[in-house]
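What follows is a single structure, written as structure tokens, with notes after it.
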Amino acid sequence: MKRYTLYTFPALALLLAAAACTQDDAGTLPDGTQPLTLTAAIEGSADTRATVDNRWNGNETIALQVTDGDGTEWYDYTVDDKGNLSGEYYWTKPSPITVQGICPATAVESTTWSVKSDQSSDADYQSGDLLCSESKTVGFAQTPALTFYHQTAKVVVNIKSDGLPESIGATPGDISLTIGEGDILALDGAFTLPKAAGADGRWLGTWTPGTTKGSISPHLATATETGNFATYEALVIPQDMAAGTRLLAFTAKKDDTGYGPFYYMLQKDTEWKAGYKYTYNVTITLYGLQVSVDTGSMTWDNGAGGEGAVELPV
């Protein structure tokens with residue numbers, strides 16, 4: 001991937017050039033000294049400062065694809081915690097350009113994207129977050145606002161216990177969870193940038209799952225819904241899974257006493273789509289699992305109707 005590093009003029013020269021380069025200019029620009037600046041938001045913006053929670057930390061680097069009269073190239077841009085982007089592209093003529101961003105910037109240097117098998121730490125969980133913006137045509141000297149969309153899928157598992165000894169469930173560590181028991185999940189895949197918005201108006205790319213298979217140890221969420229004693233979350237490569245797949249494996253343990261393993265198998269063929277959240281509400285009992293599945297979410301934050309409850313024996 002070709003990138004540019006530009007050496008800027010002294011501050012006075014930049015100020016004079018910026019003053020000369022207004023949207024009223026009809027001719028060429030003096031020495032191409034007008035920088036392209038942008039703002040960026042993540043779909044479903046929230047207060048938490050992590051992209052996986054829909055908020056910029058302020059230390060992310062975005063690769064910005066710019067198409068102008070000279071062709072298409074990638075440029076590095078840095079985002080602050082307010083969503084302001086600054087980087088390496090400078091206007092050379094007052095003609096419209098087309099821009100599209102991807103985060104992190106390193107994603108454009110590889111044909112594949114992967115998620116961690118062990119996502120228990122904050123860093124390893126968040127490292128799987130791939131963001132891509134819409135493609136937008138920008139007029140000269142404008143400051144476009146880009147919306148970035150999550151391109152992986154997200155799995156959330158809410159856990160309750162019913163009928164287990166009261167000592168179990170006192171802390172989230174009493175129950176361990178594996179997603180994709182038996183190393184059946186694709187942990188990497190080839191990603192293609194979206195070329196247009198979908199019917200829902202969201203810009204989501206396409207995926208071809210890779211050959212690296214595994215299971216996922218999920219991340220323990222900091223916030224738990226009322227009535228649950230643990231909520232786990234994981235980022236997953238969008239992929240298809242067949243009915244009967246052993247998707248969730250639980251073990252419950254207190255001191256030297258173990259319960260389980262308990263398994264949840266998919267009741268029908270399932271597709272995890274880019275940009276969707278899939279919530280599994282699980283109650284663990286001495287006799288098996290009670291599971292309700294919510295797969296209707298259009299974003300990572302907002303749920304919709306579920307698919308009913310399923311009871312499975314141990």
Side-chain angles (χ1 to χ4, degrees), residues 114-120 125 128 152-164 168-169 172-189 207-221 224-225 227-253 257-297 300 303-314:
S114 62
V115 298
K116 299 284 189 180
S117 176
D118 185 354
Q119 298 185 21
S120 56
Y125 168 53
T152 57
K154 184 176 183 178
V155 172
V156 175
V157 182
N158 294 314
I159 304 175
K160 300 178 182 179
S161 66
D162 182 12
L164 294 177
I168 293 182
D174 293 339
I175 293 180
S176 64
L177 167 64
T178 300
I179 301 175
E181 198 270 343
D183 295 340
I184 50 85
L185 297 182
L187 297 180
D188 62 9
W207 288 86
T208 301
T211 57
T212 302
K213 301 291 186 179
S215 57
I216 293 177
S217 297
H219 179 258
L220 179 62
T224 301
E225 294 182 13
N228 299 312
F229 69 82
T231 295
Y232 287 92
E233 52 197 359
L235 302 186
V236 297
I237 298 297
Q239 58 194 283
D240 296 325
M241 292 169 293
T245 296
R246 191 174 281 181
L247 182 64
L248 306 176
F250 302 85
T251 57
K253 186 175 182 179
T257 303
Y259 300 86
F262 305 89
Y263 298 106
Y264 169 67
M265 293 182 291
L266 290 175
Q267 303 302 294
K268 62 180 182 179
D269 293 346
T270 298
E271 178 186 7
W272 282 341
K273 299 179 182 179
Y276 279 67
K277 180 176 72 174
Y278 299 85
T279 301
Y280 299 85
N281 299 307
V282 179
T283 300
I284 302 177
T285 77
L286 283 174
Y287 306 101
L289 304 179
Q290 293 177 329
V291 182
S292 66
V293 185
D294 175 358
T295 60
S297 178
W300 282 14
E307 296 182 349
V310 179
E311 291 188 9
L312 295 175
V314 178

Evaluate the side-chain proximity of [Y] to [X]: yes if any heavy-atom separation is below 4.5 Å, no if none is.
X: Ile216; Y: Thr178; answer: no
X: Val282; Y: Tyr264; answer: no
X: Tyr278; Y: Leu247; answer: no

Item checked: Those residues that, when tested against Ser215, pass side chain to side chain donor-acceptor pair (under 3.5 Å) (two or more places apart) ->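 Side chain to side chain donor-acceptor pair (under 3.5 Å) check on Ser215 returns Asp183.
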
Note to self: Trp207: which residues meet the side chain to side chain donor-acceptor pair (under 3.5 Å) condition with it, sequence neighbours left out?
What the structure shows: none

Margin query: What verdict does the side-chain contact (heavy atoms from CB on, under 4.5 Å) test give for Val157 and Phe250, after you've listed the backbone C-alpha separation in whole Å, the side-chain angles of each residue and the deciding distance to 0.1 Å?
Written below: CA-CA 11 Å; Val157 182; Phe250 302 85; 4.1 Å; yes

Check: For Asp118, what residues pass the side chain to side chain contact (heavy atoms under 4.5 Å, CB included) criterion, not counting sequence neighbours?
Finding: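 Asp118 satisfies side chain to side chain contact (heavy atoms under 4.5 Å, CB included) with Ser120, Ser217 only.
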
Notebook entry, point to check: Can you name the residues that form a side chain to side chain contact (heavy atoms under 4.5 Å, CB included) with Thr212, not counting sequence neighbours?
Noted result: Leu187, Asp188

N/O donor-acceptor pairs under 3.5 Å from side chains in residues 233-244, not counting sequence neighbours:
residue: Glu233; atom: OE2; partner: His219; partner atom: ND1; Å: 3.1
residue: Gln239; atom: OE1; partner: Ala186; partner atom: N; Å: 2.9
residue: Gln239; atom: NE2; partner: Ala186; partner atom: O; Å: 3.1
residue: Gln239; atom: NE2; partner: Ile237; partner atom: O; Å: 2.8

Distance from [X] atom [atom1] to [Y] atom [atom2], nearest 0.5 Å?
X: Ile184; Y: Leu266; atom1: CD1; atom2: CG; result: 8.0 Å
X: Tyr280; Y: Asn158; atom1: OH; atom2: CG; result: 12.5 Å
X: Tyr263; Y: Thr251; atom1: OH; atom2: OG1; result: 9.0 Å
X: Arg246; Y: Ile179; atom1: CZ; atom2: CD1; result: 15.5 Å

Mind listing the closest non-hydrogen atom pair of [X] and [Y] along with its distance?
X: Lys268; Y: Thr270; answer: O-OG1, 3.0 Å
X: Ala230; Y: Leu220; answer: CB-CD1, 4.4 Å
X: Met265; Y: Gln267; answer: O-NE2, 2.6 Å

Margin query: Donor-acceptor check, side chain of Gln119 to backbone of Ser117, threshold 3.5 angstrom: yes or no?
Written below: no

Next item on the list: Given side-chain contact (heavy atoms from CB on, under 4.5 Å), test Leu185 with Trp272 step by step and report yes or no.
Entry: CA-CA 11 Å; Leu185 297 182; Trp272 282 341; 3.9 Å; yes

